[in-house]
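Atoms considered below: every heavy atom in the structure, side chains included; atoms not considered: hydrogens, waters and symmetry mates.
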Amino acid sequence: MIQSVKVKNLSLSKDNVRKVNRETGIDELADSIAFQGLLQNLVVTPLKKAGHFTVKAGGRRLRALQRLIERGTLPVDHEVSVLVLDDTEGETSVEASLAENFQRLPMNPADESTAFNFLIQKGMTAEDVAKRQGVTTRFVEQRVRLAELAKPVFDALAAGEITLGVAQAYAVTSDVDAQARVFGQMSTSYYGDNPDNIRRAILNGSVKANDAKARFVGRDAYLAEGGRIEGDLFATEGDESWIDVDLLETLATRKLEAAATQLAQTEGLAFVTPIVATHVPYDVERQLHEFHAPARPLTEDEQARIDSLSAENDLLVEQLEGDLPDGSTEAEAANARLDEIDRELETIEDARREIDPALKAQIGTFVYIGGDGEARVHTRLFSEKPVVDPNAPSKPVGSRDNGGADDLDGVDQGAKLSATLIDELATQRRQILVAHIASDPAMALDLTIFLMAQNVVFEASHVPNHSTLKSSGAGFPIFGFRDEGSMASQTIDDQRQRLDTSWAGHLTMTERFDAFRGLDDEARGAWVAFAIARTLEPTLNIADGYRSNGFHDHLGRVLDIQVEHWWRPTAENFFGRVKKTVMLDALEEIGGPILRGRYKDAKKGDLASTCASLCNGQGIVEAEIREKATAWLPDAMRFDGIEKPAKTMLRSAFIEEPEDVDLSEDDDADTDGDRDDDAHGDPTDMNEAA
């Protein structure tokens, strides 16, 4: 039975099995409870004195609560929820205490890293997280660093395949490419689990020719500087090993520094920082202030020119759709003129987005190496200090800054209202506002897109918009997932870069909303598409489990997605991680029993390489088999799933429930909407068990 009991009426039982180090970490646990409350009930049994209980499980939490009362953090009469056991012989309480302590499983370091980094991403500092979780700041920083590990290393840590010490050895560098490269080498080495060997290898190893840095520098430039290459005579150029990693790093740094200098000079930026890696680390970004430049209003001449060009554009389109025959000289001339109009409109739009030189002198950005081996400019601008606009008018006394903080010293704020009256009036005004917005679909759509777009732009900050609408990015089961080399990831990055953020530089929500409504339909449409798309969670075409979602498969079919054009199975991302029978089944699906039999005796590693080469069009096989292989996909990656009705009837006040509906025959019905909350809950843990 659960009931509420005052802390002062609780005492520690002699049956509690924890006898050693009882006081260790009590202050840290007290800090955690002070910030998050008591997340796990104490287990108690009643004493003879009415209303008094002895704590059988949860002694450390009891001492932490008593410590908070001693400090004055909690009131003397503070109450907590307890689970009351009937324990006449004393055996039940000892078993409860033993089970709670003995059966407790420490968190995987990967889970800790994911949770700490989640809080950091939401805007908390390492110091804040440490204080709230009862650990040191250095501990938080170390776990966040692990969250930045390359995907295969982090996955191995999460799966328990490598120890925390091994993972920390890989974290000696923030270069995820180097981490992934050395991990691939060490995973097959006899001494590959030795942290010292890993550290030496990660700093002095070799790289493949298809490594992003190698492609960025170029083979000829590397050889011209004396770089050495090892490789099988019959191997492809991408399988070569470049031995002189230090030289490669030097050449990549030199080339990227030159690109950064050129960009800074061309754009007039205060700084362009080169990052010799395939992404800009979060801990580098968080040291700076993000800058958003608003677009200036159109001049009268510009607006007149846009109106004229738009009218001419509409006329030409009408002629092409009606009078002008395809392929005629007139039609070609009209299309050429349409291209000229587009270019002129782009020139006018670009002129609106020019940043004042006085502001440019305060901001900068990053250049890094993309997964394709090309130098890429970071999509966002930053400043070392908050940007100060020298042309901005000074704020009068009593003005509001950034839509929230008031500077009203010396200003009469009028009669004060009671808290109850404020709540009642606010509720009434909310009803009036809702009634009007609900009757104006155009305004409601603009507001929806704006709130989602603002959430995307200021995701790391708290903007009090007084709305429950959110468009948070879906959490990935693989934390810190990076795949800049894939077509999909690059496309998403390009889509993010093309979003119009001119409205985001205004200081208040009012100004940002008005500026956002001033964007054209295409710009606003791009925002809603990007914001909605990023909310989709990872799913697969599998028979069951919470990763299954037939509706996502339906979306894929509606969009006519050809997965084989975007993703190909390799030894690293698929074949090397499945059983041999799965690979042989794939070969049989591609080339029949004959192709399967050809490789049935091959070793697993060789078979994975063969399957990968075949599916990427590199195998020496008949044209028909090659065509099937280059289109082959594992079932899980196809959009073939069919959504099934839920096992339980969905209830709604908007529709009438049908009579005589029997769902019992379909035992395999889809249960997408009934996932365990634990799969998507907050990454915060229960207070430490007794």
Side-chain angles (χ1 to χ4, degrees), residues 148-153 169-192 194-266 271-281 284 366-378 482 484-485 490 570-572 609 612-613 616 618:
E148 293 278 353
L149 284 170
K151 174 182 174 294
V153 183
Y170 283 106
V172 71
T173 177
S174 61
D175 187 344
V176 293
D177 297 324
Q179 294 171 1
R181 180 182 70 248
V182 174
F183 181 80
Q185 298 167 352
M186 288 295 182
S187 60
T188 57
S189 172
Y190 183 75
Y191 295 104
N194 184 288
D196 291 335
N197 291 342
I198 292 170
R199 290 187 182 91
R200 283 193 292 270
I202 208 166
L203 297 175
N204 301 289
S206 62
V207 301
K208 294 293 185 182
N210 57 5
D211 180 87
K213 291 178 187 174
R215 284 187 283 175
F216 175 65
V217 170
R219 194 172 191 271
D220 293 341
Y222 173 75
L223 292 174
E225 293 290 335
R228 296 170 295 164
I229 292 178
E230 286 184 352
D232 187 338
L233 180 63
F234 300 98
T236 62
E237 188 172 288
D239 289 331
E240 296 174 337
S241 295
W242 294 20
I243 301 173
D244 299 303
V245 178
D246 290 341
L247 174 61
L248 179 61
E249 289 285 340
T250 300
L251 295 177
T253 301
R254 186 189 307 166
K255 185 174 181 179
L256 201 62
E257 285 177 345
T261 301
Q262 178 66 32
L263 180 64
Q265 293 175 348
T266 303
F271 65 89
V272 177
T273 303
I275 302 293
V276 189
T278 54
H279 78 288
V280 180
V284 174
F366 300 92
V367 290
Y368 60 99
I369 302 173
D372 55 359
E374 298 294 329
R376 301 177 70 134
V377 181
H378 199 31
R482 295 186 183 91
E484 292 94 335
Q490 288 186 8
T570 65
E572 291 76 20
S609 298
S613 297
N616 283 275
Q618 299 172 353

Sub-3.5 Å donor-acceptor pair from the side chain of Q179 to the main-chain atoms of A150, do we have one?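 Yes; judged by distance alone, with no hydrogens or angles, the pair exists.
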Measure across [X] and [Y] and return the closest heavy-atom pair with its distance rounded to 0.1 Å.
{"X": "P274", "Y": "V272", "value": "CD-O, 3.5 Å"}
{"X": "L223", "Y": "G227", "value": "CD2-O, 3.4 Å"}
{"X": "D177", "Y": "A212", "value": "OD2-CB, 4.5 Å"}
{"X": "A209", "Y": "R215", "value": "O-CG, 3.8 Å"}
{"X": "A612", "Y": "A571", "value": "CB-N, 3.5 Å"}
{"X": "L256", "Y": "A375", "value": "CD1-CB, 4.2 Å"}

Rounded to the nearest 0.5 Å, how far does [atom2] of [Y] lie from [atom1] of [X]?
{"X": "I275", "Y": "T273", "atom1": "CD1", "atom2": "OG1", "answer": "6.0 Å"}
{"X": "I229", "Y": "D244", "atom1": "CD1", "atom2": "CG", "answer": "9.5 Å"}
{"X": "K255", "Y": "L251", "atom1": "NZ", "atom2": "CG", "answer": "9.5 Å"}

Could you list the residues that satisfy salt bridge (Lys or Arg N to Asp or Glu O under 4.0 Å) with E249, not counting sequence neighbours?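 With sequence neighbours excluded, E249 shows a salt bridge (Lys or Arg N to Asp or Glu O under 4.0 Å) to K213, given in chain and number order.
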Which residues satisfy the ring-ring contact (aromatic ring centres under 6.0 Å, His included) test with F216, sequence neighbours excluded?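 F216 satisfies ring-ring contact (aromatic ring centres under 6.0 Å, His included) with no other residue.
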Between [Y] and [X], is there a side-chain heavy-atom distance shorter than 4.5 Å?
{"X": "V182", "Y": "Y170", "value": "yes"}
{"X": "L247", "Y": "R228", "value": "no"}
{"X": "R376", "Y": "I369", "value": "no"}

Q262: partners by side-chain hydrogen bond (donor to acceptor under 3.5 Å, both in side chains), with sequence neighbours left out: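 Scan of Q262 (side-chain hydrogen bond (donor to acceptor under 3.5 Å, both in side chains), adjacent residues dropped) gives T266.
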Geometric class of the W242/Y222 ring pair [parallel <30°, tilted 30-60°, perpendicular >60°]: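 Parallel: the ring planes of Y222 and W242 meet at under 30°.
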